[in-house]
Each structure stands twice: as C-alpha cells, then as structure tokens.
Amino acid sequence: MQQKIRRYDLDWLRVLVFGLLIFYHVGMFFVPWGWHIKNNNIIEWMRWPMLFLNQWRLPILFVISGMGTYYALSHRTLWQFNIERCKRLLIPLLFGMLCIVPPQVYFERLASGHFSKSYYDYFTTEAFIGVYPEGNISWHHLWFLVYLFLFSLVLSPVFGYLKRKNSTVVDWIKKKIEKPYGLYLFIIPLYFTEALVEPFFPVTHALIDDWFTVLNYIILFFYGFVLIATGPIFWKSLASIKNKALGIGIIAFGVQLIIWIIGKDSIYIHFTEAFIKVTNLWSWILVIFGYAATYLNKKSKLLAYCNRAVYPFYILHQTVTIAIGYYIMNLDWGFVPKFMVLSLGTFIISWLIYDLIILRITILHPLFGLKKP
C-alpha cells in the first residue's frame, strides 16, 4: 500500500522550497523589476539568480501540492477532502487578507507617498476600500492559496476517478515513464501553454484574466497527483533520469540566458524560447525530486517541527520582510548588510511569532492552517 508510506523527502522539499520564499522575496527588494517596496540602490546582477529561481520555484510547489493531494485523498472521501481544503486554505486566506496583508499595503502606500498617517488610521479608513492595485484590498503573496483551493475543488472528482484501482490513465502513464526520457513527455502540454497562451495573458496572480497562470499551474498540480499515483515506477524512473536531467537543465538554462540577453524579436525565437523554458523548468524539477529522494527521505524531529511551522511562516513572512524593508530602504548601507538584516530579521521575527504566540494560543491554529499535532 504505497500511498500509506510517508515520503519524508517530499516533506523536506516542501519545507525547503517554502523556506526559499524568504530569500526570494528579500531578493525582490533589490532586483530591477517591480515589487511592493524597493531598495534605494538596485542590484543589477541579482536578476540572474532570481531568474533562475523563477523558472522552477513556483512550478515545483504546485507539483508537490498535487502529490500531497494524492496522499490526502487516500484516507478521505471527496466530501471530506473538500471540507478539509476549505478549512486549510480558505480560512487562512480570509484571515490573511484581513490581518496579515493590510500592513504590506500600508507600508507600500507610505513608501509611495499615497498615505502618511498611522497604521491605525489606515486600517480604520482606507484598508478595505477598493481592489488592489488601485485600491487596497488584496491577497498579495497569499494568491497561492486561492489558486490551490480552486485547483483542488475542480480536480477532486477527476482525482477520485484516477484513484480507482483500474485507472487506464494511470496505467498508460506508467508505461510511458518507464521508457528512457519518458518523464520528458510531460513538457508537451506545458509547451503549448507557454507558446500559445502566455503571450496573450501576462501573469497577474489576480485570478481574473490570469489564464496562463491558471492553465500552467493546474497542469503542474495534476502532474504531481498522477506521478505519485504511478507508485514505485515514478521513483525508479526518477532515479535513472536525474543525472541526465541535471545536464539538460544546465544546457537549457544557458540557452535561456542567451535568448534573454540577445532578445526575442521574432516569432521563431518565441516558439524556441517556449520550448527551452519548459525543458529547463521540468529538468530542474526532476533533478530536485531525484536528488531529494536519494538524500532527504529520512525522518527527523527537526523535519517534524519545520513541516508544521512552514505554513504559518509562509503566511507571515512577506509582511515581516516589507515592514523591515520599509525602515531600511533609504539607509546608506551596502547590499550585504541589508540582505542579511532582511533575511535574518524575517526568519527570526516569523519564528518568534510562530513559536511564542501561534503555537501557544490554540484558537489561532485554524487561522494559520495548523492541524492538530
């Protein structure tokens, strides 16, 4: 009964990838493209590691979420699963939009000069007037919960069907991924989405008219479920492909860099870049899963603590980063001191709030998506 065997490597990946969000959002403070607040000195070279992370950071989160959905449905009916999704996703989302996100928008308004009074004045007058960015109501970094909830709700009947013992879809996938490079067949739907949808629907994370994001991530979410459904065959195929995928990923990202540098002025380059991009992101996902399966599939007390803490950390961290960033953005410090203060400050303050407040006040647990221990 492989579905009852806990994959500690997936737990570790969930912790590490969400933990990477702290460093990623700290990096957003310094890069040339837009974010909620910006440092007084933009660090141009930061764009390259950030662009590398951008290729696979969110895609792998949705794949991991799809894998987790498989395990969640192993001991729940569809009704129980969807009720649990409401509790774990919608309640933290609504709480976050009411209490966690407003300080982010407040500091953004202060930085831009659109508001100058206290947070109390902001919260009691303008915080819930209009929809962001023109107004102030927003889910900001919590957009992930919205999309994950909708994907779970829409696909739960499909997943229920696929979990039946005689699913021909899963059997077909098993046969395909057993072949050399069979796991790379998964880039085909991603390619068509990237090539044909992305140019017309820029990423907004606003759900409405965000069709590329919706299609791209629901495909990846589905992938996570069906790959786990294949059982040991997936892990065996992953073990045989991970070293090759590493080489493909390095080459693909190198080509991607060249395209970014020279620009893409023709439709031919666009379709080529779309193929390179999805090959790159899928390769790194296979690499990360492959090496995690080899080295991280181990139980530990640290993992148990981190796995429970990661959801509250995710909810809290960006508000802490923006608050600290606002007070240091115009200081004449170098990149390293500011990066260290933002990174360590975000981690330490989020941890203190989690460990000293959230964990100790039971009524707060459902607001931060915590299950009973």
Side-chain angles (χ1 to χ4, degrees), residues 21-51 53-54 57-58 93-147 201-210 213 313-350 353:
L21 273 177
I22 290 179
F23 297 104
Y24 181 82
H25 285 147
V26 168
M28 290 293 290
F29 183 66
F30 298 99
V31 290
W33 56 87
W35 199 52
H36 307 294
I37 60 172
K38 304 298 291 187
N39 188 40
N40 58 357
N41 182 27
I42 298 301
I43 311 299
E44 290 291 336
W45 62 264
M46 277 286 290
R47 73 169 68 225
W48 304 116
M50 293 287 284
L51 285 170
L53 292 178
N54 259 340
R57 180 182 59 87
L58 285 170
L93 171 67
L94 294 174
F95 171 74
M97 291 179 67
L98 287 172
C99 300
I100 306 297
V101 172
Q104 298 182 33
V105 184
Y106 170 68
F107 284 115
E108 184 177 348
R109 300 302 185 229
L110 288 181
S112 64
H114 290 103
F115 197 83
S116 59
K117 298 180 181 180
S118 70
Y119 180 69
Y120 175 81
D121 291 325
Y122 171 77
F123 190 82
T124 55
T125 57
E126 298 190 14
F128 302 106
I129 297 176
V131 177
Y132 187 89
E134 291 79 13
N136 297 312
I137 301 173
S138 176
W139 46 55
H140 269 37
H141 68 298
L142 302 181
W143 68 268
F144 178 79
L145 302 183
V146 183
Y147 287 59
F201 296 98
V203 175
T204 65
H205 296 156
L207 191 60
I208 305 301
D209 292 331
D210 197 21
T213 305
F313 262 67
Y314 158 69
I315 292 170
L316 291 168
H317 82 280
Q318 184 165 290
T319 299
V320 179
T321 299
I322 289 176
I324 298 172
Y326 173 76
Y327 290 106
I328 69 171
M329 59 189 292
N330 292 317
L331 297 179
D332 293 326
W333 297 358
F335 164 71
V336 173
K338 285 189 175 182
F339 188 89
M340 294 298 292
V341 166
L342 276 174
S343 301
L344 291 175
T346 300
F347 175 82
I348 292 171
I349 293 173
S350 298
I353 294 172

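Keep in mind it's a predicted model, so treat the numbers as computed, not measured. When reading the values below, keep in mind they use all heavy atoms of this one structure, side chains included, and skip hydrogens, waters and symmetry mates. Numbers for residues simply follow the sequence, beginning at 1.
The backbone N or O of Ile100 lies less than 3.5 Å from a partner atom in the side chain of Thr319, making a donor-acceptor pair. The backbone N or O of Phe107 sits nowhere less than 3.5 Å from a side-chain atom of Tyr122 that would complete a donor-acceptor pair. Although no hydrogens or angles enter the test, the distance criterion places no donor-acceptor pair under 3.5 Å between the side chain of Trp35 and the main chain of His25.
In plain terms, the two heavy atoms of Ala111 and Tyr326 that are nearest each other are N-CE1, 3.8 Å. Pairing each heavy atom of Leu142 with each of Tyr314, the nearest pair is CA-OH, 3.3 Å. The heavy-atom pair separating Val101 from Ser138 by the smallest distance is CG1-O, 3.5 Å. The shortest heavy-atom contact between Pro102 and Gly96 is CD-O, 3.9 Å. Heavy-atom minimum distance, Pro337 versus Gly334: CD-O, 3.3 Å. For the pair Ile37 and Glu108, the tightest heavy-atom approach, listed with the atom from each and the gap, is CG2-CA, 4.1 Å.
Not counting sequence neighbours, Lys38 has no partner by the side chain to side chain donor-acceptor pair (under 3.5 Å) test. Glu134 pairs by the salt bridge (charged side-chain N to carboxylate O under 4.0 Å, His left out) definition with nothing, not counting sequence neighbours. Shown here are the side chain to side chain contact (heavy atoms under 4.5 Å, CB included) partners of Leu98, two or more places apart in sequence or in another chain: Phe128. Listed by chain and residue number, Met28, Val31, Arg47, Met50, Leu51, Asn54 satisfy the side chain to side chain contact (heavy atoms under 4.5 Å, CB included) test with Trp33 (two or more places apart in sequence, or in another chain). Ser116 pairs by the side chain to side chain donor-acceptor pair (under 3.5 Å) definition with nothing, not counting sequence neighbours. Arg109 meets the salt bridge (charged side-chain N to carboxylate O under 4.0 Å, His left out) test with no other residue; sequence neighbours excluded.
More than 12 heavy atoms of other residues, nucleotides or ligands shown are found within 6.0 angstrom of CZ on Phe123.
Between Phe30 and Phe339, the ring planes lie tilted relative to each other; the angle falls in the 30° to 60° range. Relative orientation of the Tyr147 and His205 rings is perpendicular, given thresholds of 30° and 60° on the angle between their planes.
A 4.5 Å side-chain heavy-atom check between Phe115 and Asp121 finds at least one atom pair inside the cut-off. A 4.5 Å side-chain heavy-atom check between Val105 and Ile137 finds every atom pair outside the cut-off. Counting heavy atoms from C-beta outward, Glu126 and Tyr106 have side chains that stay 4.5 Å or more apart. Between Asp209 and Thr204, the closest side-chain pair of non-hydrogen atoms is not below 4.5 Å. Under the 4.5 Å side-chain criterion, counting only non-hydrogen atoms from C-beta, Trp139 is in contact with Leu207. Side chains of Trp333 and Ile328 form a contact here, defined as non-hydrogen atoms less than 4.5 Å apart. Proximity of Lys338 to Val26: side-chain heavy atoms (C-beta onward) are nowhere separated by under 4.5 Å. Side-chain contact between Phe29 and Ile322 is absent, with no heavy atoms from C-beta onward closer than 4.5 Å.
Rounded to the nearest 0.5 Å, atoms CZ (Phe313) and OG1 (Thr346) are 10.0 Å apart. To the nearest 0.5 Å, the span separating CD1 on Ile353 from CD1 on Ile315 amounts to 12.0 Å. Put simply, CG on Asp332 and CG on Asn41 are 9.5 Å apart, with the number rounded to the nearest 0.5 Å. For the atom pair CD1 of Ile324 and OG of Ser343, the computed distance is 9.5 Å after rounding to the nearest 0.5 Å.
Side chains of Tyr132 and Gln104: a donor-acceptor N/O pair is absent below 3.5 angstrom, by distance only.
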